[in-house]
Asks: 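Below is a structure I'd like to ask you about.
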Amino acid sequence: MGEFKVHRVRFFNYIPSGIRCVAYNNQSNRLAVSRTDGTVEIYNLSANYFQEKFFPGHESRATEALCWAKGQRLFSAGLNGEIIEYDLQALNIKYAVDAFGGPIWSMAVSPHGSQLLVGCEDGSVKLFQITPDKIQFERNFDRQKSRILSLSWHPSGTHVAAGSIDYISVFDVKSGSAVHKMLVDRQYMGVSKRKCIIWGVAFLSDGTVISVDSAGKVQFWDSATGTLVKNHLIANADVQSIAVSDQEDSFVVGTAEGTVFHFQLVSVTSNSSEKQWVRTKPFQHHTHDVRTVAHSPTALISGGTDTHLVIRPLMEKVEVKNYDAALRKITFPHRRLISCSKKRQLLLFQFTHHLELWRLGSTVATGKNGDTLPLSRDADHLLHLKTKGPENIICSCISPCGSWIAYSTTSRFFLYRLNYEQDNISLQRVSKMPAFLRSALQILFSEDSTKLFVASNQGSLHVIRLLEGSFKHLHTFQPQSGTVESMCLLAVSPDGNWLASSGTSAGVHVYNIKHLKLHCTVPSYNFPVTALAIAPNTNNLVIAHSDQQVFEYSIPDKQYTEWSRTIQKQGFHYLWLQRDTPITHISFHPKRPMHILLHDAYMFCIIDKSLPLPNDKTLLYNPLPPTNESDVIRRRTAHAFKISKIYKPLLFMDLLDERTLVAVERPLDDIIAQLPPPIKKKKFGT
């Protein structure tokens with residue numbers, strides 16, 4: 001594997017935003033997740049739970065509800081009173097419609113997917129018709145006395161249940177009038193509370209309404225008579241969310257104590273056809289409030305204040321007991337937030353509304369393997385660059401020479417020139433950036449820092465020549481005919497002749513920068529690309545996919561390399577394929593052309609193409625025997641994959657030079673320590 005001096009960086013003070021709501025789409029097996037900063041993420045559960053798309057947040061968009069409609073259309077609503085539809089191709093907002101009811105607290109799509117309901121602050125429930133191009137207001141239901149916090153359609157589409165403060169209303173959709181009002185008991189642990197908030201409702205086919213509230217209760221109501229049928233007290237705090245399976249044989253609820261409870265419909269006796277709801281499984285995978293839950297055919301999904309997206313498989317529903325049946329806990333975005341200037345040993349950290357530039361520390365001390373060396377110069381925080389306006393930063397990059405910084409928001413593109421004078425740094429903004437650069441999804445500088453490549457959300461790629469304090473637009477590569485595909489990943493060859501780009505539909509295109517034309521398209525693959533890079537000298541393109549497959553494609557020969565064909569023929573080690581975090585970065589050793597360096601959140605790997613590939617009987621994670629063995633034995637038992645799990649969670653790792661690595665870690669304990677304190681629970685014996 002080789003010895004490296006490693007800069008172990010832990011001063012990237014990144015805190016993911018909390019999860020506010022999730023929405024599962026059964027047809028496409030995708031999960032939409034909205035966060036407290038307004039960001040919306042799309043996870044492809046069929047592609048190893050990869051985060052394939054995201055929509056940047058906005059300070060004024062506090063999303064409170066998220067849902068899918070017919071035709072794979074995604075809607076959100078929030079406290080700014082607007083209903084938003086997202087363009088899943090261009091990765092931007094298609095339009096926003098004001099509901100004129102104040103802040104929107106809840107939203108639900110009809111079972112047929114053609115109508116949309118929103119519950120507002122002023123107590124109104126508004127019905128919208130979903131047309132092919134937009135949504136159109138149809139009518140108001142009877143106004144209630146307090147805000148509508150939860151909504152659920154009856155599977156037939158004829159009635160709607162609405163949860164408010166202290167009561168649940170049942171509406172007739174045709175007339176818009178309330179046919180029942182069910183008052184909720186304010187009693188909480190024997191004490192009468194001032195208010196009881198209905199955080200969630202679910203309407204079942206048999207007319208049962210299930211409600212969860214701030215008194216810690218799960219209650220079952222008969223909508224025909226408006227009476228309480230059954231009551232479960234499950235928590236000492238709020239029960240904040242509920243989701244029911246499509247078959248209506250189980251549902252899941254989340255509490256403010258961080259517990260997720262699973263309820264199932266089971267037979268009263270073994271021979272009886274009579275069934276009842278029973279609380280079967282509690283799960284404690286969260287430290288803070290579980291704000292939202294979803295129920296897929298094979299898993300329970302939950303998210304909340306502690307920023308984790310937890311996917312808990314239902315073992316009885318999983319046919320094959322493999323890594324798909326393992327618990328998933330997704331914390332960090334599947335995109336890069338860090339870029340590096342190797343020449344000046346600088347790191348650029350991307351936050352929601354600002355960028356930080358740091359210079360790495362240095363040491364003159366030496367030591368043996370595993371030693372921690374004292375710093376002769378500490379890491380320096382050189383720059384804090386804050387954005388103007390309410391929009392979140394989409395992407396950012398620093399040039400390899402350290403003299404340029406670029407970043408993009410939804411409406412603007414920024415380019416800065418940096419000047420270094422001893423310990424001082426000055427910043428000069430490049431003015432009059434063209435409007436077509438805004439909403440860039442990926443930014444990349446060439447190795448010599450003379451060109452800037454910008455991938456737009458409309459599928460086009462812009463090539464910019466950088467001059468002293470200014471720029472010149474050289475060329476724009478237009479998307480292939482008939483496609484408007486957002487480009488999410490870029491890679492440029494060290495010699496500056498080739499540019500590779502990958503879109504959201506797993507296609508990879510290679511462009512010739514010298515002649516400014518499309519060179520070739522890599523054969524398509526079923527799973528999305530998570531990382532790509534072009535090797536020096538050989539110009540081989542290495543591509544990592546979400547199913548953990550790695551391909552090597554020769555750009556000059558327009559075909560897969562012999563090594564790539566060999567590894568596809570033999571197959572990867574089963575433990576390699578069972579990893580549940582995607583490869584997010586690939587790089588190469590300048591003096592060792594046979595080495596490929598890559599990492600995910602929990603391992604760093606060097607693939608040595610000169611060594612034999614491991615088979616399933618080989619030990620993958622500890623391939624080398626003890627050091628006292630002879631070189632012949634060590635060579636005979638060694639294989640191509642050299643894996644280190646010392647650094648985790650690993651957000652970024654790259655070579656600074658042939659003997660030095662930089663690793664940026666973000667320990668989960670540091671994130672939890674900066675969150676609001678969780679609800680204190682009394683433990684036995686204290």
Asks: Are the side chain of Asp238 and the backbone of Gln240 linked by a donor-acceptor contact shorter than 3.5 Å?
Replies: no
Asks: Does the Asp213 side chain pair with the main chain of Cys196, one donor and one acceptor, at a distance under 3.5 Å?
Replies: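 No; judged by distance alone, with no hydrogens or angles, the pair does not exist.
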Asks: Do any N or O atoms from the side chain of Asn44 and from the backbone of Arg30 form a donor-acceptor pair under 3.5 angstrom?
Replies: no
Asks: Which heavy-atom pair separates Ser250 from Gln264 by the least distance, and what is that distance?
Replies: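 Minimum heavy-atom separation between Ser250 and Gln264: CB-CG, 3.9 Å.
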Asks: Between the main-chain N or O of Val22 and the side-chain N or O of Thr292, is there a donor-acceptor pair closer than 3.5 Å?
Replies: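 Side chain of Thr292 to backbone of Val22, a donor-acceptor pair under 3.5 Å: yes, one is there.
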Asks: Tell me if the aromatic rings of Phe263 and His232 count as close, with their centers under 6.0 Å from one another.
Replies: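 Yes, the ring of Phe263 comes within the 6.0 Å limit of the ring of His232, centre to centre.
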Asks: Between Ala77 and Ile104, what is the shortest heavy-atom contact and its length?
Replies: CB-CG2, 3.6 Å
Asks: Could you tell me which non-hydrogen atom of Asn48 sits nearest to which non-hydrogen atom of Gln548, and how far apart they are?
Replies: ND2-NE2, 3.5 Å
Asks: Is a donor on one side and an acceptor on the other found under 3.5 Å between the side chain of Glu391 and the backbone of Ser411?
Replies: yes
Asks: Any side-chain heavy atom of Gln144 sitting closer than 4.5 Å to one from Tyr167?
Replies: yes
Asks: Just checking Tyr49 against Tyr43, ring centres under 6.0 Å apart?
Replies: no
Asks: List the atom of Ser211, the atom of Ile168, and the distance in Å for their closest heavy-atom pair.
Replies: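 Minimum heavy-atom separation between Ser211 and Ile168: CB-CD1, 3.5 Å.
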Asks: So with a 6.0 Å cut-off around CZ of Arg336, is the heavy-atom count from everything else above 12?
Replies: yes
Asks: Could you tell me which non-hydrogen atom of His159 sits nearest to which non-hydrogen atom of Val179, and how far apart they are?
Replies: CD2-CG2, 4.3 Å
Asks: Can a side-chain donor-acceptor contact be found between Ser156 and His154 if the only test is distance below 3.5 angstrom?
Replies: yes
Asks: Would you name the heavy atoms of Cys488 and Leu91 that are closest together and state the gap between them?
Replies: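 Looking at all heavy atoms of both residues, the closest pair is SG-CD1, 4.3 Å.
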Asks: Parallel, tilted or perpendicular for Phe527 and Tyr525, by the 30°/60° rule?
Replies: tilted
Asks: Within a reach of under 6.0 Å around NZ of Lys70, are more than 12 heavy atoms found that belong to other residues, nucleotides or ligands?
Replies: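 Open.
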Asks: Give a yes or no on whether Gln136 atom CD has more than 12 heavy-atom contacts from other residues, nucleotides or ligands under 6.0 Å away.
Replies: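 No, the 6.0 Å shell around CD holds no more than 12 heavy atoms from other groups.
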Asks: With a 3.5 Å distance limit and no angle check, can you tell me whether His112 reaches the backbone of Ser114 through a side-chain donor-acceptor pair?
Replies: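 Side chain of His112 to backbone of Ser114: no pair is present.
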Asks: For His353, does its backbone N or O pair with a side-chain atom of Thr387 as donor and acceptor, under 3.5 Å?
Replies: yes
Asks: Between the main-chain N or O of Val170 and the side-chain N or O of His180, is there a donor-acceptor pair closer than 3.5 Å?
Replies: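 No: the side chain of His180 does not pair with the backbone of Val170.
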Asks: Spell out, as yes or no, whether a donor-acceptor pair under 3.5 Å connects the side chain of Asp122 to the backbone of Gly102.
Replies: no
Asks: Can you name the residues that form a salt bridge (charged side-chain N to carboxylate O under 4.0 Å, His left out) with Asp37, not counting sequence neighbours?
Replies: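 Applying salt bridge (charged side-chain N to carboxylate O under 4.0 Å, His left out) to Asp37 gives none.
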Asks: Can you confirm whether Asn231 sits close enough to Lys217 that some side-chain heavy atom of one is under 4.5 Å from a side-chain heavy atom of the other?
Replies: yes
Asks: Tell me if the NZ atom of Lys230 is crowded by more than 12 foreign heavy atoms within 6.0 Å.
Replies: yes
Asks: If we ignore hydrogens and angles and just use 3.5 Å, is the side chain of His308 paired with the main-chain N or O of Lys329 as donor and acceptor?
Replies: no
Asks: If the condition is salt bridge (charged side-chain N to carboxylate O under 4.0 Å, His left out), which residues does Asp206 pass it with, not counting sequence neighbours?
Replies: none
